[in-house]
Amino acid sequence: MTVRNNGSTPLNGWTVRMTLAAGQAVGNLWDGVATGTSGDVRNASYNGVLTAGGTTTFGYVAGGDSATAPAGVGCSSP
């Protein structure tokens with residue numbers, strides 16, 4: 001997943017919020033930190049600062065009872 005700063009000033013931290021389908025859970029996650037059981041991911045210690053127009057990525061593998069994509073995906077900065 002790509003996180004992009006569309007603003008004109010740097011971001012110091014980011015959180016991607018998403019709702020996983022019932023029965024799904026994040027099994028593997030890299031370049032991010034899980035913030036609970038809902039599927040939310042925040043920046044790791046080394047990729048939290050995004051310059052204006054900058055990007056970073058993280059990845060995950062979700063397992064569970066369905067192949068439904070996450071819903072309500074959005075990003076915010078603390």
Side-chain angles (χ1 to χ4, degrees):
M1 188 167 279
T2 299
V3 178
R4 178 182 312 277
N5 178 2
N6 289 329
S8 59
T9 60
L11 292 179
N12 188 11
W14 51 265
T15 300
V16 171
R17 290 181 170 73
M18 57 186 161
T19 303
L20 299 176
Q24 288 183 342
V26 173
N28 294 316
L29 172 65
W30 54 96
D31 297 330
V33 177
T35 62
T37 58
S38 67
D40 294 355
V41 176
R42 69 172 171 78
N43 60 274
S45 60
Y46 52 84
N47 66 353
V49 177
L50 295 180
T51 60
T55 64
T56 191
T57 60
F58 70 91
Y60 68 96
V61 176
D65 300 335
S66 74
T68 304
V73 178
C75 189
S76 64
S77 179

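Residues satisfying the side-chain contact (heavy atoms from CB on, under 4.5 Å) criterion with L50, sequence neighbours excluded, are V3, N5, L11, W14, T56. Among residues two or more places apart in sequence or in another chain, the side-chain contact (heavy atoms from CB on, under 4.5 Å) test is passed with T55 by T2, R4. Taking S76 as the reference, R17 meet the side-chain hydrogen bond (donor to acceptor under 3.5 Å, both in side chains) condition, with sequence neighbours excluded. Every side-chain hydrogen bond (donor to acceptor under 3.5 Å, both in side chains) that D31 has, sequence neighbours left out, goes to Y46. Taking the side-chain hydrogen bond (donor to acceptor under 3.5 Å, both in side chains) definition, one finds that T68 meets it with S66, sequence neighbours left out. In this structure, Y60 has no ring pair (Phe, Tyr, Trp, His ring centres under 6.0 Å) partners at least two apart in sequence or on a different chain.
Of all non-hydrogen atoms in G7 and A52, the two that sit nearest each other are O-CB, 3.4 Å. Between C75 and V16, the shortest heavy-atom contact is SG-CG2, 4.1 Å. Scanning all heavy atoms of the two residues, the minimum distance from G13 to S77 falls at O-OG, 2.8 Å. Closest heavy-atom contact between V33 and A44: CG2-CA, 4.1 Å. Here the closest non-hydrogen pair linking M18 and D40 is N-OD1, 3.1 Å. The two residues L29 and V26 make their nearest non-hydrogen contact at CB-CG1, 4.1 Å.
Through direct or relayed side-chain contacts under 4.5 Å between Ile, Leu, Val, Met, Phe, Trp and Tyr, W30 connects to V61. Taking a 4.5 Å side-chain heavy-atom cut-off between Ile, Leu, Val, Met, Phe, Trp and Tyr, the cluster of V49 contains only that residue.
Between the side chain of N43 and the backbone N or O of T15, no donor-acceptor pair lies under 3.5 Å.
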